[in-house]
There are 2 protein chains.
Amino acid sequence: MSRSDTTQPKLDETDRKILRIMQQDATISFERLAKKVNISKTAVWNRIQRLQQSGVIVRQAAIVDGRRAGLQEVFFVTIRTNSHDAGWLENFHRAIQEMPEIQEAHRLAGEIDYLLKVRVPSTAEFDAFYKRLISRISIYNVTSSLSMEVLKEETALPV
Amino acid sequence: MSRSDTTQPKLDETDRKILRIMQQDATISFERLAKKVNISKTAVWNRIQRLQQSGVIVRQAAIVDGRRAGLQEVFFVTIRTNSHDAGWLENFHRAIQEMPEIQEAHRLAGEIDYLLKVRVPSTAEFDAFYKRLISRISIYNVTSSLSMEVLKEETALPV
DNA sequence: CTTGAAAAACATGCCGC
DNA sequence: GCGGCATGTTTTTCAAG
């Protein structure tokens, strides 16, 4: 199952401190990080190594401001479907992975089957995206909601 | 307004290449990055400096796997309200910023007023969060949907 | 924009405790 | 587990074409 392939390494408070700091600034040197969490440089190095190998730290990345990078609009797309066969699913999964405008895709419990977060340069571009989406997959019911205002968009997790 | 305080620096194709690479791996050295985008090390350095100062690159951060870090569950919370006065808004905004479980918050056009993405260790923890939320703000209608499966969760934007 | 140089800061691995 | 030392690498600034 999609939920079971994730082993959970035990994290102590020092690990979580390291994660909190590195989620805000991954350019910090081992030396300064070591001082902040009150262990040696070597120990910090070993812990980060372990956190990376166990997949807790996925990667270190530049966080880009969507609006300033020319991607002004965020839409949320809810999808209800009636075809739940394997072929439809595979097709749907492939479409999601292949369409870079789709930033997030979740299968939900309840009324709505799927929720997508979509980021595009403009509402006109969203319309083009929408047409491409519905031409690729058969959908029973779709609704698209424009985000008028982003109140919070936080990449750092509360570890 | 909340949408107009974002100036948009012009980005050329080299800038976008740099952003694409650094969104995947910010630990790359200037030298290797320079080779990849076919300009000099110094030029890369200057561009990155400019991208950071103009706010296109917000920061460089460790990307953490929520499940492996002990945050197993994702919920989406839709909110409809009937009180739109300034006091309610301020209170709501403060609650959103202060509750670290809330990773994203959007004001939507249409039926739903607000959409929250909430990340918690367990469904029990979500229940506790939910009670805290509705005790802080008066809400006309709320629905919470559990994400059964994360099909895609991409921090890199398609610049 | 480029090359090249140079100092300071840093990463990395090894050593003995 | 720890601290320190040694090596090579990287960052950052600067000069000059």
Side-chain angles (χ1 to χ4, degrees), chain A residues 6-71 121 155-157 159, chain B residues 6-66 68-70 155-159:
Chain A
T6 300
T7 49
Q8 239 193 283
K10 281 177 272 303
L11 306 176
D12 64 13
E13 185 51 30
T14 304
D15 289 324
R16 278 192 290 271
K17 263 189 204 163
I18 292 172
L19 289 177
R20 265 178 246 131
I21 294 168
M22 289 187 69
Q23 283 189 111
Q24 294 305 327
D25 179 14
T27 69
I28 189 171
S29 74
F30 290 136
E31 219 163 283
R32 294 210 300 129
L33 187 50
K35 264 179 199 147
K36 282 206 179 194
V37 300
N38 287 316
I39 59 173
S40 75
K41 200 174 47 136
T42 318
V44 165
W45 194 82
N46 287 331
R47 279 172 187 265
I48 293 176
Q49 221 64 13
R50 190 168 43 74
L51 289 169
Q52 285 173 337
Q53 270 151 32
S54 63
V56 177
I57 294 177
V58 180
R59 64 176 192 278
Q60 300 185 23
I63 307 298
V64 171
D65 182 313
R67 292 245 157 89
R68 285 193 232 253
L71 297 161
T155 54
L157 310 186
V159 290
Chain B
T6 300
T7 49
Q8 237 193 287
K10 280 178 271 305
L11 306 176
D12 65 13
E13 185 50 31
T14 304
D15 289 323
R16 278 192 290 272
K17 264 189 203 163
I18 291 172
L19 289 177
R20 266 179 243 130
I21 294 168
M22 288 188 69
Q23 283 189 112
Q24 293 306 327
D25 178 14
T27 69
I28 189 171
S29 72
F30 291 136
E31 217 163 284
R32 295 210 302 128
L33 186 51
K35 265 179 200 149
K36 283 207 179 193
V37 300
N38 287 314
I39 58 172
S40 76
K41 196 176 49 139
T42 316
V44 165
W45 195 84
N46 287 330
R47 279 170 187 266
I48 293 175
Q49 221 63 13
R50 191 168 42 76
L51 290 168
Q52 286 174 337
Q53 270 151 33
S54 63
V56 177
I57 295 177
V58 180
R59 64 175 191 277
Q60 300 185 25
I63 307 298
V64 170
D65 183 314
R68 286 194 232 252
T155 53
L157 310 186
V159 291

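So you know, we letter chains A, B, ... as the sequences are listed, proteins then strands, and number each from 1. The basis for the numbers below is simple: all heavy atoms, side chains too, and nothing from hydrogens, waters or symmetry mates. Please read these numbers as outputs of a predicted model, since none were measured by experiment.
- With values rounded to the nearest 0.5 angstrom, A:R20 atom CZ is found 16.0 Å from A:D25 atom CG.
- In the region residues 12-33 of chain A, proximity to DNA chain C at under 4.0 angstrom, judged on heavy atoms, holds for A:S29, A:F30.
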Shorter than 3.5 Å, N or O on both sides, protein versus nucleotides 1-8 of chain C: list them out with atom names.
{"residue": "C:dT2", "atom": "OP1", "partner": "B:S40", "partner atom": "N", "Å": "3.2"}
{"residue": "C:dT2", "atom": "OP2", "partner": "B:S40", "partner atom": "N", "Å": "3.2"}
{"residue": "C:dT2", "atom": "OP2", "partner": "B:S40", "partner atom": "OG", "Å": "3.0"}

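- Scanning DNA chain C for stems, defined as runs of 3 or more consecutive Watson-Crick or G-U wobble pairs whose donor-acceptor distances all fall under 3.5 Å, gives the following ranges: C:1-17 with D:1-17.
- The side-chain hydrogen bond (donor to acceptor under 3.5 Å, both in side chains) contacts involving residues 29-42 of chain A comprise nothing, where partners must be two or more places apart or lie in separate chains.
- For the pair B:R59/A:Q24, a side-chain contact is recorded, criterion being any heavy-atom separation below 4.5 Å from C-beta on.
- Among all heavy-atom pairs drawn from A:P9 and A:V56, the shortest one is CG-CG2, 3.5 Å.
- Put simply, CZ on A:R16 and CG on A:L157 are 13.5 Å apart, with the number rounded to the nearest 0.5 Å.
- In terms of the side chain to side chain donor-acceptor pair (under 3.5 Å) criterion, residue partners of A:R47 (sequence neighbours excluded) are, by chain and number, A:D12, A:D15.
- Interatomic distance, A:Q60 CD to B:I28 CD1, rounded to the nearest 0.5 Å: 13.0 Å.
- Read 5' to 3', the first and last nucleotides of DNA chain D with an atom closer than 4.0 Å to a heavy atom of chain A are D:dG1 to D:dC5.
- Between B:M22 and A:V64 the shortest side-chain heavy-atom distance does not fall below 4.5 Å.
- For the atom pair CG of A:N46 and CD1 of A:I39, the computed distance is 9.0 Å after rounding to the nearest 0.5 Å.
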Where do B:L33 and B:I48 land on the side-chain contact (heavy atoms from CB on, under 4.5 Å) test, with the steps shown first? CA-CA 11 Å; B:L33 186 51; B:I48 293 175; 3.8 Å; yes
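- Residues A:V159 and A:L11 have side chains not in contact (no heavy-atom distance under 4.5 Å, counting atoms from C-beta outward).
- For the atom pair B:L51 CG and A:R68 CZ, the distance stands at 12.0 Å (nearest 0.5 Å).
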